[in-house]
Amino acid sequence: MSFYVDLNPKCSLKSHPVVMSKKDSATSKIAAKSSEKDPVSELVYPSKRVVQKANVKEYEAMYQRSITDREGFWADEAKKLHWYRKWDKVLDESQKPFYKWFTGGKINIIDNAIDRHLKTWRRNKIAMIWEGEPGDVKVLSYHALNREVSKFANILKSMGVKKGEIVTIYMPQIPELPIAMLACAKIGAGHSVVYGGFSVEALASRIDDAKSRVLITADGGFRRGKPTDLKGIANDAMDRSPTIEVCITVKRTGEECMMQTDRDYWYHDLMSLPIASPDCETEKTDAEDLLFILYTSGTTGRPKGLVHTHGGYSLYTSTTHRYVFDIKDEDRWWCAADPGWITGHSYLVYGPLINGATIMLYEGAPNHPYPNRWWSMIEKYGITILYTSPTAIRGLMRFGDQWPKRHDLSSLRLLGSVGEPINPEAWRWYHEVIGGGHCPIMDTWWQTETGGFMITPLPITPLKPGSATRPFFGNEMAVVDDNGKEVKPGEEGKLVIKSPWPGMARTIYGDPDRFVETYWKEYEKQGWYKAGDSARMDEDGYFWIIGRIDDVIKVSGYRLGTAEIESALVSHPSVAEAAAIALPHELKGNAIHTYVILRAGVVASKELEEELRSHVASELGPIAKPEAVDFTDALPKTRSGKIMRRVLKARALGQDVGDISTLEE
Ligand code: PRX
């Protein structure tokens, strides 16, 4: 996730004249109120205004129909898209769990996200409003977006990019990032966007796995008033990755950077060549053709490239976006995620553009130069829906109510949350202070693997703060024990998805066995997908997500594998062995704590701790920087050598370590 609020100590609240004391804050009042409530039974009903406008007026009947006639439901929704050729079969289950959707159909996501709008009045509608951190603004209509995408698609073609090959994109949040994604999709090439906050090792390993020949990057971007050095990191990664032949660089910051002859080209130079014509035919891809891969963390050090396809993904992202956020033509939609994560792919770029919406994209930090940056942009652009993460909300909430209260936020009609469970205090602040008490919060549970929302309210759903509520249409979800038996209401268990859905990842790129092993093996007999989360379902059928049960840590909503952090640590010459765990953190949700066994002869010191923390940050990126590095002589391991992180965690929290009969040391 990409809502990291890297709060700058220099931007201290005390230094700003309008800061009020904590006592003045409505937050504390809301928090006091909330502690008296039982979150499971408390229901927050939508206002009449929301219900009247709602795209779906009744959930239950529509849900039942979507389950009893799943294929019919999705076929009806699919008719709302443009197909070059209609499908032969809605769902092909012949090679479970490698499900296929709309086989025989020909469709390209760009035909739906751009081309078809050009034939309507939306041609001149604003597709994208972008604001850079320094305050520069760009606005693109659908017509203008099409020109940029087509021109760049022609450049890619001229570089020999072919259907099916994977182009890696490593960029800041500038318009050229979605343009590059859309250009790849237009010509049938796959994209692999690597989050711009990742560092050398993370980028290099993703380039290698995708065997990318072409890398698209920028000299940098602006973050908290300073230029970042993206091209420097890209250069180091390319030194490690032999497959890259061409690197295209957008000039954003103007900082000096190393360009290698015969490999490096400036984006603006290429875009001014005659070959960059604004006419480019969209490739007529098959429904099941690869659209993109997106890497995410799992239980081993190797990141997994989840594969999404043109047909099912177009359908799933646009349908979920339209129903859950009640999208109307007059909306200004702001998904404040980085396009480098699945939230950005599905709900910043693809879903909203398919629905012909106006999207907002912002380059920088939410609290730069002051903590009212987001609120001022909502007022300035008349944003009607804001979709963000609990981490961002908590981060901005701690600056107090006076920052949003300086702005007219009355344009907002709906709010959204994603990435981690939202604590009721943050929920209420978001609801009251940002939404003025009348904007329902769509708390959407989903994953990189699911492509789109799986458990989510609709605007008409009575809400319970902290619950993602009920499954989206077509989805059967359950909370089960290790044997697959549903646990009783209120009891904790494993979250599973019992039926296929069009937006599901089709496989792990280049590793189908791992796809089966990771998601489908545990409940093979039942044919269910294991989400890797623990959850509860209450008496009303509302789902409450607790958190990850595998070796994945959610830090500020970002997904990191303990194994990735551990291998970054052991790549340091002083480290023999390492273990990483998540401990609760007030702002970030979770923070990374690590334990390290040093090599013989190396002496532990405060300086070495700092060096190791920085080493992880420079290998993986600042989001992976551990909160602490503890030096130890031994790590709790099973006899087969697996580190028992559960034991480390229980000990760090002062809890009972539980059953340690399998412990070796
Ligand atoms: O643990 C769940 C958490 O984020 C995980 C998926 O992470 P990622 O693939 O990075 O995708 C994040 C954006 C879709 C889930 O397994 N998660 C996501 N949304 C929620 C959530 N936890 C609780 N509530 C949510 N709304």
Side-chain angles (χ1 to χ4, degrees), residues 1-4 39 193 195 197-198 293-299 303-306 308 313 316-317 320-321 324 335-348 350-351 387-394 415-424 426-427 430 441-457 461 463-472 477 479 494-497 503-505 508 518-519 529-537 542-561 564 582 588-590 623-624:
M1 287 305 311
S2 49
F3 307 99
Y4 184 52
V193 182
Y195 167 57
F198 272 144
I293 56 175
L294 187 60
Y295 287 92
T296 190
S297 300
T299 45
K304 313 177 267 198
L306 274 318
H308 287 283
Y313 182 81
Y316 201 71
T317 54
T320 46
H321 181 246
V324 174
C335 164
D338 191 296
W341 299 92
I342 192 68
T343 310
H345 279 53
S346 300
Y347 298 111
L348 199 161
Y350 288 117
Y387 182 47
T388 184
S389 73
T391 284
I393 296 303
R394 286 193 296 266
L415 299 170
S417 174
V418 60
E420 50 183 321
I422 181 164
N423 49 310
W427 195 99
Y430 196 24
I441 299 173
M442 302 299 105
D443 179 354
T444 59
W445 178 90
W446 59 295
Q447 307 178 303
T448 307
E449 292 85 345
T450 70
F453 312 147
M454 298 303 289
I455 307 177
T456 174
T461 309
L463 303 173
K464 297 186 186 187
S467 167
T469 77
R470 312 275 306 272
F472 186 73
M477 319 277 308
V479 180
K494 292 179 178 174
L495 185 65
V496 294
I497 307 173
M504 65 203 303
I508 291 175
T518 312
Y519 306 108
Y529 169 93
K530 180 187 74 173
D533 277 15
S534 65
R536 290 193 187 91
M537 195 177 80
Y542 278 45
F543 287 83
W544 297 77
I545 308 298
I546 298 163
R548 298 291 308 189
I549 34 179
D550 52 9
D551 296 328
V552 169
I553 303 182
K554 279 258 151 176
V555 185
S556 302
Y558 291 97
R559 182 165 160 178
L560 291 164
E564 286 171 286
K588 301 176 185 174
N590 292 297
I623 44 164

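Indexing begins at 1, ligand by ligand and atom by atom, following the structure's order. Note that these values count all heavy atoms, side chains included, but never hydrogens, waters or copies made by symmetry.
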Ring centre gap for Phe543 and Trp446 strictly below 6.0 Å: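 Not under 6.0 Å, so no.
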[X] N/O to ligand 1 N/O under 3.5 Å:
X      : value
Thr343 : no
Ser417 : no
Thr444 : yes

Please could you name the atoms of ligand 1 that [X] approaches to less than 4.0 Å, counting only its heavy atoms?
X      : value
Trp446 : 6 (C), 14 (C), 15 (C), 18 (C), 19 (N)
Pro421 : 22 (N), 23 (C), 24 (N)
Arg559 : 6 (C), 7 (O), 8 (P), 9 (O), 10 (O)
Ile545 : 22 (N), 23 (C)

side-chain hydrogen bond (donor to acceptor under 3.5 Å, both in side chains) between Thr450 and Tyr529, worked out: CA-CA 10 Å; Thr450 70; Tyr529 169 93; over 6 Å; no
Any donor-acceptor pair under 3.5 Å from His308 side chain to Thr448 backbone: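 Yes.
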Under the side-chain hydrogen bond (donor to acceptor under 3.5 Å, both in side chains) test, residues paired with Glu564 that sit two or more places apart: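 By the side-chain hydrogen bond (donor to acceptor under 3.5 Å, both in side chains) rule, Glu564 matches Ser297.
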Donor on one side chain, acceptor on other, Trp445 and Asp533, under 3.5 Å: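 Yes, side-chain donor-acceptor contact under 3.5 Å.
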Arg394 versus Asn423, side-chain donor and acceptor atoms under 3.5 Å: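 A donor-acceptor contact under 3.5 Å links the two side chains.
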Residue-ligand contact Gly419/ligand 1, heavy atom below 4.0 Å: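 Within the 4.0 Å threshold, so yes.
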Partner set under salt bridge (Lys or Arg N to Asp or Glu O under 4.0 Å) for Lys494, not counting sequence neighbours: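 By the salt bridge (Lys or Arg N to Asp or Glu O under 4.0 Å) rule, Lys494 matches Asp482, Glu522.
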Proximity of Thr448 to ligand 1 by residue part, where a heavy atom lies under 4.0 Å: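 The answer is both.
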Closest to atom 24 (N) of ligand 1 among His345, Gln447, Glu420, Arg548 (heavy-atom distance):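 Result: the heavy atom closest to atom 24 (N) of ligand 1 is in Glu420.
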